[in-house]
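As a basis for the values below, the full set of heavy atoms in this structure was taken, side chains included, without hydrogen atoms, waters or symmetry mates. Note that the structure is predicted; figures quoted are calculated from it, not measured.
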Amino acid sequence: MLLCLISKGIFPANYIHLKEAKVEGTGKQETVVPTDLPLVQELGTTLREWTQIWHKLYVSNKTTLFRNVQQMAYSLIEYRSQIVSGTLPNDDLVALKKKVTAKIDYGNRILGLDLVVRDEAGNTLDPERTSTVSLFRAHESASHSIDERIQEEKVKHFGVHTYSLLINLRNFVCNIGEDAELFMSLYDPDKSEFISENFLVRWDSTGMPKEIEKLNNLPALFTDLSSSDLIRQRLFLVCQIIRVGCMELKEGKKHTGGLRRPFGVAVMDITDIAHGNIDDECLFVTLKLLPGDVFQVQKHYPHFLDRTTAIVRKMGFPEIILPGYVRNDIYVTLLQGEFDRGKKKTPKNVEVIMSVLDEEGNPMEKAIFPGAGYEGITEYKSVIYYQVKQPCWNETVKVAIPIEDVCRCHLRLTFRHRSSQDSRDKSEKPFGMAFVRLMKSDGTTLPDGKHDLIVYKVDVKKADDAKTYLTLPGSYVEVEEKERQMGKSLHHAGIIPITKDSFQIATLTCSTKLTQNVDLLGLLNWRSNTERLEEILQKLMEVEGGEIIKFLQDTLDALFNIMMETSEEETYDTLVFNALVFIISLIGDIKFQHFNPVLETYISKHFSATLAYQKLTKVFNYFVGHAEDSAHTERLYAALKAFKYLFHFIVQSRILYLRWVLALISSLTTSASYEELYLSLRPSDEQNHRSQTNWHLIFSLVLLDCRDVLLPLITDQLSGQLDDNSNKPDLEACVQLLSTVLDMLDCKDVGPTSGHVKLIVDRLLRRVNRTVINLSLDSPFIGHYLACMTAILKQMEDAHYAQYISTFKTRQDIIDFLMETFIMFKNLMGNVFPPDWVIMNLHQMKVFLRAIDQYSDVLNKYFLDSAHFHLQLWNNYFHLIVAFLTHKSLQLESFSLEKRNKILNKYGDMRKSIGFKLRDMWNNLGQHKMKFIPAMVGPILEATLVPEPELRKATIPIFFDMMQCEHHFSTNHTFQKFENELITKLDQEVEGGRGDEQYKILLEKTLLEYCRRHRYLSQSGEALAFLLSSLLENLLAYRTITHDESPELRMSCTVNVLNFYKEKKREDIYIRYLYKLRDLHLDCENYTEAAYTLLLHAELLEWSDKPCAPHLIPWDGIHGWTQQELKERLFQEIMCNLDKVKCKNSSCFCTQKQQAQYYENIMHAMRPQPEYFAVGYYGQGFPSFLRNKMFIYRGKEYEWLEDFSLKLLKSQFPNAVKMTSTSPPGDNICNSPGQHIQCFTVKPVLNLSSQFKDKELPEQILNYYRTNEVEKFQYSRPFRKGEKDPDNEFATMWIERSTYITAYRFPGILKWFEVKSMSVVKISPLDNAIETMELANEKLSNLVQQQACDRSLAVHPLSMMLNGIVDPAVMGGFSNYEKAFFTEAYMKKNPDHLERIEVLKHLIALQIPLLDEGIRIHGEKSTEQLKPLHNRLVTCFQDLRAKVEKLYGVITLVSLTDSTLKKGFVRDRLRVCSFWEEIVCACVFPALLSDREEEESRGVGGDAVYHVLHAQKDVHHLKCLLWTLQRLGLL
C-alpha cells in the first residue's frame, strides 16, 4: 500500500510541471536556481515583494494604494503568463518586456522601493560591467521616465476628465425563435437622447451568440465619457432588441424573411455606477467604471481588455482632446418620415436603405457601422414598422470614411415598401429617394442637427444617376439658400419628380479634421488662400473657443507653418503672434483650463518649428519696446498673461535648433583632422562658454582613436574652466565633456588607460573635488559632478594614489587635501543621489571605502608620530569612518532578506571592513588616544551600536581602552569623563532607536571580561559594566513602550529611567525625563501627578539669587533666571495644576484673595475620595518592569473597580486574562508565557504626620488624610474555618487581612506605585465582630458630630443610618453576635475570649447613647415631611434601648459638643482620629471631673484613670478601658 502511494503521489500528473533549473553551490550553500528568463525571475521576485507590502497596505487601510498595487500585480501576473507561454512573436515580446519593466519601475517608485536601472533591452545593469558615468546616466534616465509616468498617473487619478464604462454581456434569455440583434447604448432620460453609439450583439434563433466562442463573454468598453456625463441626474443602459425574420412571428416559409422588426427594449438604471458608488454584477450583465480613455484603460487595466472587447465611442468628444487624437466619425440618425399610401388601402411598410456613395455613384465599401463589435457594412436597412403612415425610427448608425473622401461623398437613402408575402415583396421597387452631401460647397462639413430631406421619385432612370441628382438640392435648407442667393423662388426643373413624402434625419460630426466653421477651415487650408491670409488670421480670433480646442494641434501647426513659410515678417509674424496669444488665453479660461496638459504635451512632443524662437522673441520685444503706445498696450497685456506658454514655445524652439546644429556638426567631423577640428571649435575666453556643449560630442566620436592627442587639450581646457579663479565657468559643458572622457576610459577593450587616468588625476581631481564642495546640494549639476569624481576614484589604482600624494610639496598641502576630502566624503554620502538609487549609492560607497583605505595609509605614514600628529585631521577621519559605518544604505538589517543577500553577494558587508579599519587606526594612536577622550566616546558608541555581531566584538573593546587610558593619565586615576559621556550619549542613541538586548549582553560581557583581568579596573570597571547594563535595560524598556498606546506603561518606564539618573546624580538627563513625565500626565489630565512631578524639579532648586545652571532650566525656560525665580514659577505651575479649575495657565500668581479661596475650598468644597486598587501582573508575557509584581493604583474621581479593570484590560492589555481569585498566584501562573491580571479594591490606612499629633483637626482635613499621604493599604478576605453553622455563619467566619506598603506615598508622580512589602494576619470571628462594631459606632459618631456642628448639612444621611440601625429587622446588627458569641456553650468552649466578649457587649451598649444623640438631632432638623419617619425611629429606638440596657447595661455620655471635652491632658493625649477617642472622653472624663478638681486632672495619666475606676469598683468599665488603652498603645 505504501509503495502504491509513493508511485502515484498525491497530485494528478497533468497538474505537475517540472521546471528546468540548475544547482549552484554545495552543501548548506546549495541553491536551486530556475533557468527562466531573467525578466521572468524578476517578475516573480517583484510579485513576492509587492505581496508583503500589499498585505500591510490592507492592514493599514490605505485603500487607494492597495487597489493600485492590486491592479499592477494582476497586470504583472498576466504579463508573466504571456512571456512564459513562449508563443509571442519576437517583436511582441520586446514590446511586452518594455511594458513589464515600466510597470515594475513605476510600482517600485510608488511603494518606496529601489530604482532598478536597465539597458536598452530591459535587462538589469551590472555595476561591475558598467562605467560609473553610464550608471549615473541610466539612473537619471530611469528616474526621469518614472517621474513622467507618475505625472501621467496624477493626471489620471487627480485630474481625470475621461472615463470608460466596461460592460460584459454574459447571457441573453428571450424566447424569440428567430435571429435577433441587440443594440446596447447609454441614454439620458432627462434630455431624451442617446449619448453613445451602439454596442451590437447578434443572437441566433437557438438562443446562442452568432459567434459561439463569445458565449458568456461579450465585453464592450464605452469610452470617452466625460465627468459631466457621469454626473447626469440619471443615466440608463438601454438594450433595444430587433427581431430579424418574417413580418409576423408565426408566419411560414412563403413569407418574406430577413426583415428587421422591433421586438422589445430593456432598461437598466446605472446612475450609481456612473457616479462611482458601486460596481454592479448581476446574472447577465457586469458593469465597472474605469478612469481614462481607451488607451489609458489598455495601459493600466490590460487584464480587463482583450482583442474581443468592442470599443464603443461616445457620440461626441471627450473632455480633453490630446494631440495625436484622430477621429472622423459622422453619426446619422434616421428620425422620422411621412409617406403617402398611394394606391394601397393601408399605410406602407416602409424600409429605409442607406448607403454612402461618391460623386460617381460608386458605393463606399463597409462605411456604415450599425454598432460596435462588428465590421462595417455597405448598405444599412432600417427597422420596418407595420402599416404606419408616420414611422419614427430613431436609429443611429456611424459613417466612417477616409478624411480625403468626405468632400466627394454623400448619403443616399431609398424607401421601399416591404410585403409580408415573399412573392409580392420581390415585385416591390423603391418608391422614393433622398440624399444629402457630407460636405458643403464652402468646404465645411454638414452642420450638426436635423435635416429635412427632399424625397424624389425613383421611377425614372435618372434617379439612379448620381451625377444627375447631385445637381439638385438635397434638403429644403439648400433650396432656401439658393433662393437667398438668387433672390427669387426656385422652381423645380422636373428632371426628377418630387414626392409629397417627407423624411427627416439628424447628423452629428465627431471629427478632429473636419470643421463646420468657415473661418477655421480657412486657416487649416491657408495654403490655398494665401492672398486672404491676413483676413484668415484676423477671423481666427472670432471663432468659438470650443471649435478651436477641438482642432488645437492642427490650428497650432497651421500658425507655426505660416510663421515659418511666409516672408512678410512684419505683417504675418505679428498676426500669428496675436493668434497664438489668443489661443493660449483661451486655454487659460476656466472653461478650458483642463486643456493645459494638452498644450504642454503639444509643446514637448509635437511642436517642430525650429526657428520660431527668433520671430516670437522679435515680436514680443517689439511690444515691450512700444509699451507706452496705447495701440499696443492691450496686446502687450494679453501677451504677458500668456507669457508662460510663449516662453515654453521659445525654449523648445531653441532646443530643437541646437539639436539640429549638433547633428550638422557631427556630420562634418570627418572633414578635418581631429586636433584642428578641436582647436577650431574650442571657444576663446571672450566667447560664450555655451559653445563648449559641442566638445563632448566631438570627443566621443574621436576619443578611441586619438586619446593621446586630444586628452591633454581637453584636460587643459577643463582645468582652466574649473580653476578657482575662473570667472563663471560653464559647469554644464564641463561636466558633459568630463563625463564623456571618463566614460570612454572606463570602457572595455580600449587599451591601456593608466597614463590617461594619471593625467586626469593630476590635472582635474582637485579641481573636481573643489567644484563639488562649492556646489550646493540642490544644484542641478551636483549629481553629475559627484559621478565624475566617483569615476575618477574608481579608475585610480594604488599607484595613482601614492603618486598623487607625492605631488604635494609640503605636509600642509597634504593636510589641506585630506581635510577637504574627508569633509567632502562625509557630506556627500547619501545626500546627493536619491535614496532609491540604491545601486548608485552602494557603488559610491564602495569607491569611497577604497579611497578611505588608501588615505588611511597616508595618515599612518605622515601624521602618526608626535612631531607631525594633527589632531583635527585624525578627528575628521574618525568622524568620516563612523558616518560611513552608520550610513543607512549599509544597514542590511533594515532590508528584506532577498535584498540583503543581493548586496552581500555583490558588495559584501562594507561596515565590517571599515569597522575593522576603525579598530586598527585607534590602536595605532598609542599615546595620542587620550586626546580623543571624551570627544570620541559618542562616535565610537555609534559604531558599536551597529547591529552586526563581528563588528560589535571588534569595536566594544575600544571602550575598555578608553577607560584604561583615562585611568592611567588622569590625576585621580578614574574614568569619570568617559563614564559621564558614555551615559549621556547612550541615552541619546537608545532613545533614537539604536541598541538592543544583544548589545546589552555583549557590552556587559565584554567589559567584565576585560576589566576583571585588569589590575586596577577590576572593581570600578565591573561596577560600570553593571551600571551600563542596568541603564540599557531601563532605556530599552522605555524605548519599547514609547510608541505604545498605553500612557500608563510609558509613565512607568519614564519613572524607572529618571530614578536611575537621580541615583547617578545626572540632573541634566533627570530633568529632561521629568518633563517628559509631566507632558504625559497633562495629556491624560493627571494634574495632581503633573504637579508632584514638577515638585521634584523644584526640590533641586534653592531659595537664592544664584543663577540657574543651564541644565536646571527646562527647554521652554529662559536662560538667565535665578534659582528663586525658576522655583517660584514652578510652584505657580504646581498650584495651577492642583487647582486646575481655578487656574487656567501657568503664569498666574497666588494672591491673598486666592489663598483665602483655597482655604475656603478646603473646609467647604466637596472633594470626592478616590478609590485605591491593587493590581498584580503575573506571567512572562508582561514587560520586565511589570512582570510578577503588584502595584497599588489611585483611581480617578468616581471610578469604581468595574470601570477601572475594564479600562485596564481593554486599553492596555487586551490579551490578558483576569484572575477571579484575590489570593497570591502559584508558580504555574507566574512562569506561564501568558498574561494574568489580578485586580481588587484596597482600603488606605490613615497615617497622620507628626505635625498633626495631639491637635484638634476638622473632619474635612481628616477625610483628606484618609485617602492622601498614604502608603499603607489593607485588603480583608473572608474565609471559613471549621464546620459551617447553618444557623449562624458568623461563628466560623475568619478574616485574612493583607497589608500592602508601597514604595512611595500617594499622591505622587504616578497614579500607581509598586508594592514593596506585604504582610498577612488572620482575624478571628470575635475580633472581626469587635472591629465591625467599632467601625459602625465610629461612623455613627462622626456623622452625629457633623450634624451637630453644621446645621446646614442635609439630614438625609443621618436618617438612613439611624433607620438602618434601629429597624427591628436589623436590631443594631448584633443579633447574630448574640447567637454566635454570647451563648454559654461558646463561652465554655472559649474561656480566653471572655474579656473580648465583654468589650463587644460594651460596644453594643455604647451604641445606645450615640443613637439617642443622633435621634435628638434628627428631631430638631426634621421637616414636616420627615415627621412620620422620625416618629417611627423614636418608637423603634425605645424598643431597642430597652433590650440593650436590660442585657448590657446603661452607658451615659455627655453631649458630644460639650465644651468641657476640650479640657484635660488625658483627652489631648488620646486625641486621635478614631472612635476610641470618644469612648475615653465619654466614659472616663465624667468620673475624673466629678471626683477631682481640674488641676489634678492635668497631671493624670493612664494609671490615674485606672485608680479612679478601680475606686468606683466599676469592673465592667475598667476592663473596657484597659483593653482600649492597650489597643491605643498607651499602656
Audit row: Arg260, Glu395, salt bridge (charged side-chain N to carboxylate O under 4.0 Å, His left out) steps and yes/no: CA-CA 12 Å; Arg260 302 180 73 243; Glu395 297 180 51; 3.4 Å; yes

Stepwise side-chain hydrogen bond (donor to acceptor under 3.5 Å, both in side chains) check, Thr223 with Arg313: CA-CA 5 Å; Thr223 188; Arg313 295 277 190 179; 5.7 Å; no

Stepwise side-chain hydrogen bond (donor to acceptor under 3.5 Å, both in side chains) test for Glu379 and Ser355: CA-CA 5 Å; Glu379 191 176 77; Ser355 57; 5.3 Å; no

Trace of the salt bridge (charged side-chain N to carboxylate O under 4.0 Å, His left out) decision for Arg109 with Asp836: CA-CA 8 Å; Arg109 171 65 66 85; Asp836 61 337; 3.1 Å; yes

Asp190 vs Arg232, salt bridge (charged side-chain N to carboxylate O under 4.0 Å, His left out): CA-CA, chis, key distance, verdict: CA-CA 9 Å; Asp190 297 316; Arg232 294 173 185 261; over 6 Å; no

Criterion salt bridge (charged side-chain N to carboxylate O under 4.0 Å, His left out) on Asp114 and Lys899, from CA distance to verdict: CA-CA 10 Å; Asp114 302 338; Lys899 179 179 177 180; 2.8 Å; yes

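In summary, the side chains of Asn108 and Trp50 do present a donor paired with an acceptor at a separation below 3.5 Å, with no hydrogens or angles considered. A donor-acceptor pair shorter than 3.5 Å cannot be found between the side chains of Tyr74 and Glu78. Side-chain contact, Glu178 with Ser205: no donor N or O sits under 3.5 Å from an acceptor N or O. Between the side chains of Ser511 and Thr509, no donor-acceptor pair is found at a separation under 3.5 Å. The closest side-chain donor-acceptor pair between Tyr374 and Glu181, if any, does not fall under 3.5 angstrom. Counted by atom type alone, Asp557 and Tyr602 present one or more donor-acceptor pairs between their side chains at under 3.5 Å.
Glu197 and Lys398 are joined by a salt bridge, as a carboxylate oxygen and a charged side-chain nitrogen come within less than 4.0 angstrom of each other. Looking at Glu42 and Arg80, no side-chain N of the basic residue comes within less than 4.0 Å of a carboxylate O on the acidic one, giving no salt bridge. A salt bridge links Asp179 with Lys210: at least one charged nitrogen is closer than 4.0 Å to a carboxylate oxygen.
Counting non-hydrogen atoms of other residues, nucleotides and ligands closer than 6.0 Å to CZ of Arg67 gives a total of 12 or fewer. Within 6.0 Å of CD on Gln233 lie no more than 12 heavy atoms contributed by other residues, nucleotides or ligands.
Put simply, SG on Cys392 and CG on Leu334 are 11.5 Å apart, with the number rounded to the nearest 0.5 Å. To the nearest 0.5 Å, atom CG of residue Leu235 and atom CD1 of residue Ile270 are 4.5 Å apart. Interatomic distance, OG1 of Thr396 versus CE of Met315, reported as 5.0 Å (0.5 Å rounding). Atoms OG and CG, on Ser196 and Asp229 in that order, are 9.5 Å from each other to the nearest 0.5 Å. Note that CG of Leu237 is 9.5 Å distant from CG of Leu169, once rounded to the nearest 0.5 Å.
No side-chain heavy atom of Asn68 sits under 4.5 Å from any side-chain heavy atom of Gln71. Contact annotation: the side chain of Val399 never approaches that of Asp329 to less than 4.5 Å [non-hydrogen atoms, C-beta and beyond]. A heavy-atom distance below 4.5 Å is not found between the side chains of Thr286 and Ile167. Looking at Ser185 and Phe199, their side chains never come closer than 4.5 Å, going by heavy atoms from C-beta outward. The shortest side-chain heavy-atom distance between Asp293 and Val297 does not fall under the 4.5 Å cut-off. Between Ser226 and Tyr163 the shortest side-chain heavy-atom distance does not fall below 4.5 Å. Side-chain contact between Leu411 and Leu438 is present, with at least one heavy-atom pair separated by less than 4.5 Å. Proximity of Asp105 to Arg118: side-chain heavy atoms (C-beta onward) are separated by under 4.5 Å at one or more points.
Distance alone, capped at 3.5 Å, places no donor-acceptor pair between the Thr309 side chain and the Leu305 backbone.
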Kindly list each side-chain donor-acceptor pair under 3.5 angstrom involving residues 51-61, sequence neighbours excluded, with atom names and distances?
unit_1	atom_1	unit_2	atom_2	d
Thr51	OG1	Leu47	O	2.5
Trp54	NE1	Phe66	O	3.2
Ser60	OG	Lys56	O	2.9
Ser60	OG	Leu57	O	3.3

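Residues Tyr187 and Phe194 bring their aromatic ring centres within 6.0 Å.
Partners of Phe649 according to the ring-ring contact (aromatic ring centres under 6.0 Å, His included) rule, which considers only residues two or more places apart in sequence or in another chain, are Phe560, Phe607.
Residue pairs that meet the ring pair (Phe, Tyr, Trp, His ring centres under 6.0 Å) test with at least one member in residues 203-233, sequence neighbours left out, are Phe172-Trp203.
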